[in-house]
Structures are given as C-alpha cells and as structure tokens.
Amino acid sequence: MAVGWFAAGTALLVAAAAVAAFFRDPERVPPDAEGVVVSPADGKVVDIGEPSDAEGRRLSIFLSPLDVHINRAPMNGRVSDVSYRAGHFFAAYKGKASDENERNAVELLDEAGRRLRIVQIAGFLARRIVCYVNPGDSLRKGQRFGMIMFGSRVDLHLPGDAEIEVAPGQRVRGGETIVARF
C-alpha cells in the first residue's frame, strides 16, 4: 500500500514541478539601443514572410511547452488597438495556425509613427490567451503584456523598412533578442 502512495505522490510532485516551470517569469533586460525591435516571446523562429505592401513582414515564433510563455513588448510605444478572434486550435508550429487559430492581436505605435502588430496565437494544447493591455496603454520595450498557455505561437508583423536580424530555426528570448532594426 505504501508503494502505491509513494508512486502517486511522486507523480503529483513531478506534475506540480512541470506546471511551476511552465509559469516561470524570469526578469529580462532589453537592449538599450535605439531603433531595435526585440522578440515578443521565447521560442524558435519558424517562418519569416516575404515583404508585402500591405503588412510588411511577418516573423513567426513557435513556443514549445518548455519555453517561457510570457509575451513582451518588442519596442516602446502606445497600444493603438487590441482585437480578439476566435478560431481553431491547430498545432502552433504549422503555417496554417497563423491564419486559422484563435488569436489576439495587439497593435503598437511608436513615437516615429511605426506600427507593429503582435499576434498571440493559441495552439493545440494552448486554449487560453491572456492580454493585460488596452488601447491607449503605453508599453516599454521588454515590458510584459500577456501570455499564452502551453504550446503556442506569436507572430510579429513588422513594417517593410525593418531589417530582419534573425533566421528561421534560430532560438530567441522574449524581451532580449534583437529580431529587427529600423
């Protein structure tokens, strides 16, 4: 009987440790340089879209269940819009997740008039998007603005004049890794 309780207790302890690790929220120090855009999330760059006249470029970051899931502001700016859209829950590493999954988009406008859009995308396991900001709020580069539960994806839409500094397959750290420059 004691062996059964020990096994159950060990399983619960491992599960509690996994959940605690998932919800970790380390401090990050964003680079102080002007004109840089930092990653909005920890994870792996899975796609960089080609430039287009309408939206510039899309940088997609996949967050595995082992990554930190706190989302951070990629630059200083004012939140101009927050919009939620219901959708599917396809695996977040797949390309169709950007277009079809549940999402929350935060538009950020900097002092120079440049507009970025950060899209929090729920994945297969992630069924909950949390966003702490509203239109009119000001954010500092690296400041926390939300999170997505478990495996998910964050798309960063950059203006066409942004120079991308990362490549597909590269790992990035939210609030610290420079992903683009103006």
Side-chain angles (χ1 to χ4, degrees), residues 28-31 33-85 87 90-110 112-124 126 129-131 133 139-148 150-182:
R28 299 286 169 84
V29 179
E34 289 294 319
V36 298
V37 177
V38 297
S39 177
D42 285 24
K44 180 179 174 183
V45 176
V46 293
D47 187 44
I48 298 174
E50 292 300 316
S52 70
D53 293 334
E55 296 204 10
R57 298 183 83 171
R58 181 181 73 197
L59 175 74
S60 298
I61 301 166
F62 171 69
L63 293 72
S64 81
L66 302 176
D67 288 313
V68 172
H69 279 63
I70 299 297
N71 302 138
R72 298 172 188 271
M75 66 179 190
N76 296 332
R78 182 182 52 79
V79 176
S80 59
D81 188 40
V82 177
S83 58
Y84 168 82
R85 190 185 93 197
F90 296 118
Y93 60 84
K94 294 186 177 185
K96 66 181 177 180
S98 288
D99 298 321
E100 299 183 31
N101 281 19
E102 179 174 304
R103 77 194 62 247
N104 187 66
V106 176
E107 288 197 10
L108 196 58
L109 188 64
D110 76 359
R114 294 179 290 237
R115 185 177 307 274
L116 296 183
R117 187 165 45 139
I118 309 107
V119 185
Q120 301 169 288
I121 302 169
F124 178 71
I129 297 172
V130 179
C131 183
V133 296
L139 292 174
R140 295 176 325 279
K141 182 175 24 177
Q143 181 179 347
R144 297 163 182 91
F145 74 86
M147 76 178 297
I148 314 168
F150 302 103
S152 51
R153 181 180 183 128
V154 173
D155 285 350
L156 176 61
H157 295 263
L158 297 156
D161 63 338
E163 296 176 25
I164 304 293
E165 299 270 318
V166 293
Q170 183 175 339
R171 296 216 35 98
V172 294
R173 288 174 53 109
E176 287 185 345
T177 304
I178 297 173
V179 296
R181 292 181 190 272
F182 290 109

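Of the possible donor and acceptor atoms, one in the side chain of Lys141 sits under 3.5 Å from a partner among the backbone N and O of Pro31. For Arg85 (side chain) and Arg103 (main-chain N/O), no donor-acceptor pair under 3.5 Å exists by modelled atom type. Arg114 places no side-chain N or O within donor-acceptor distance of the main-chain N or O of Pro159, the cut-off being under 3.5 Å. Looking only at distances, no side-chain donor or acceptor of Asp99 sits under 3.5 Å from a matching main-chain atom of Lys96. Here the side chain of Gln170 pairs a donor or acceptor atom with the backbone of Ala167 at under 3.5 angstrom. Checking side-chain atoms of Gln120 against main-chain N and O of Ala105 turns up no donor-acceptor pair under 3.5 Å. Side-chain atoms of Asp110 come within 3.5 Å of backbone N or O of Ala112 as a donor-acceptor pair.
A salt bridge is absent between Arg117 and Asp155; no separation between the charged side-chain nitrogens and carboxylate oxygens falls under 4.0 Å.
Closest heavy-atom contact between Val82 and Cys131: CG1-SG, 4.2 Å. For the residue pair Leu108 and Pro74, the shortest heavy atom distance occurs at CD2-CD, 4.1 Å. Shown here for Ser39 and Ile61, the closest heavy-atom pair between the two residues is OG-CD1, 3.4 Å. Gly49 approaches Arg57 most closely through the heavy-atom pair O-NE, 3.0 Å. Nearest heavy atoms, Ala180 versus Leu158: CB-CD1, 4.0 Å.
Looking only at side-chain heavy atoms (C-beta outward), Val45 and Val179 stay at 4.5 Å or farther from each other. Residues Val119 and Val154 have side chains not in contact (no heavy-atom distance under 4.5 Å, counting atoms from C-beta outward). Taking 4.5 Å as the limit, every side-chain heavy atom of His157 sits out of range of all side-chain heavy atoms of Leu116. Taking the side chain as every heavy atom from C-beta outward, Ile48 and Pro168 approach each other to under 4.5 Å. Within the 4.5 Å cutoff, no side-chain heavy atoms of Glu176 are placed close to those of Pro30. Contact of the Leu63 side chain with the Asp42 side chain is not registered, since no non-hydrogen atoms from C-beta on lie closer than 4.5 Å.
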Legend entry - Stepwise side chain to side chain donor-acceptor pair (under 3.5 Å) test for Ser98 and Arg153: CA-CA 8 Å; Ser98 288; Arg153 181 180 183 128; 3.0 Å; yes

Inset, instruction - Dump the intermediate steps for side chain to side chain contact (heavy atoms under 4.5 Å, CB included) on Val130 and Ile148, then the final yes or no. - result: CA-CA 6 Å; Val130 179; Ile148 314 168; over 6 Å; no

Inset, instruction - Evaluate side chain to side chain contact (heavy atoms under 4.5 Å, CB included) for Val38 paired with Thr177, printing each intermediate quantity in order. - result: CA-CA 5 Å; Val38 297; Thr177 304; over 6 Å; no

Legend entry - Derivation and outcome, side chain to side chain contact (heavy atoms under 4.5 Å, CB included), residues Asn71 and Arg144: CA-CA 6 Å; Asn71 302 138; Arg144 297 163 182 91; over 6 Å; no

Legend entry - Residues Val79, Val106; criterion side chain to side chain contact (heavy atoms under 4.5 Å, CB included); working and verdict: CA-CA 7 Å; Val79 176; Val106 176; 4.1 Å; yes

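Here Ile121 contributes atom CD1 and Glu102 contributes atom CD; the two are 11.0 Å apart, rounded to the nearest 0.5 Å. Annotation: the span from Ile118 atom CD1 to Asn104 atom CG amounts to 10.0 Å, rounded to 0.5 Å.
For the 3.5 Å distance criterion, the side chains of Arg115 and Ser80 qualify, holding a donor opposite an acceptor.
The cationic atom of Lys44 (NZ for Lys, CZ for Arg) does not lie both less than 6.0 Å from the six-membered ring centre of Phe62 and within 45° of the ring axis. By the 6.0 Å and 45° rule, Arg72 does not stack over the aromatic ring of Phe145.
The side chain to side chain contact (heavy atoms under 4.5 Å, CB included) search around Ala33 returns Val36, not counting sequence neighbours.
Here the rule is salt bridge (charged side-chain N to carboxylate O under 4.0 Å, His left out) with Arg181, and of Glu165, Glu34, Glu163 only Glu165 fits it.
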